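Here is the structure we will look at.
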Amino acid sequence: MEGKYFYYPDQVPERKHAHVFIEFEDGGTLVYEDVRKFGTMELLAPGLLEAYFVSKKLGPEPREQDFDLQSFQTALAKSKKPIKSHLLDQTLVAGLGNIYVDEVLWRAQVHPARSSQTLTAEETKAIHDQTIAVLGQAVEKGGSTIRTYTNAFGEDGTMQDFHQVYDKTGQACSRCGTIIEKFQLGGRGTHFCPQCQRRG
Ligand SMILES: [Zn+2]
């Protein structure tokens, strides 16, 4: 049900939920479709990108050269928010949604409800490193096709084949064999291994 992009090299077919058409000089068109109309789009003048990130309080890109461990640690130390909710709000680092945040915390072996300021330096580093790794891998695999997601060429992503915890409720944890559980945190379905990710 999420917003989707479709690329058409020449003719654009009639589509009911097509809202934005971006035409390229070579004749191709990128079409944005959004059944629920939850998506937003903003056009920025050249040079305004950085100011835009600041105004939206968006954290850095999840790449080694942008995502600074020291600043991440400083921000966490000042916050009582559950780590999952904090990672989802995009202020610490941009790009983590509900699927990948569960994957990152499972890999880092941190319980999603842990208060940000109780995390050890070791745990913080693990979350930082796994965020870069998981999002890098997700891009490489073309995203996760859980229900309807496809890329602009109509192709499914394959990242879901590498999920260890998301949507695995009732299955054995691949690391320790304990059954994966699901609970609600901040209104979001949250998957975790009660053995690998202790509340602490
Ligand atoms: Zn486990």
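The figures that follow rest on heavy atoms only: side chains count, while hydrogens, waters and symmetry mates do not. Just so you know, ligand 1 is whichever comes first in the structure, and atom 1 is the first atom listed for that ligand. As the structure is a prediction and not an experimental result, all values here were calculated from the model.
Side-chain contact between R107 and V134 is present, with heavy atoms from C-beta onward closer than 4.5 Å.
Between D89 and K81 there is a salt bridge, since at least one side-chain N of the basic residue sits less than 4.0 Å from a carboxylate O of the acidic one. Under a 4.0 Å N-O distance rule, the pair R114/E123 qualifies as a salt bridge.
Under the side-chain contact (heavy atoms from CB on, under 4.5 Å) criterion, L76 pairs with F72, I83, H86, L92, S116, L119, T124, not counting sequence neighbours.
Near the Zn ion (ligand 1), less than 2.8 Å away, sit the protein N, O or S atoms C173 SG, C176 SG, C193 SG, C196 SG.
Separation of the F38 and H17 ring centroids does not fall under the 6.0 Å cut-off.
The closest side-chain donor-acceptor pair between D34 and H19, if any, does not fall under 3.5 angstrom.
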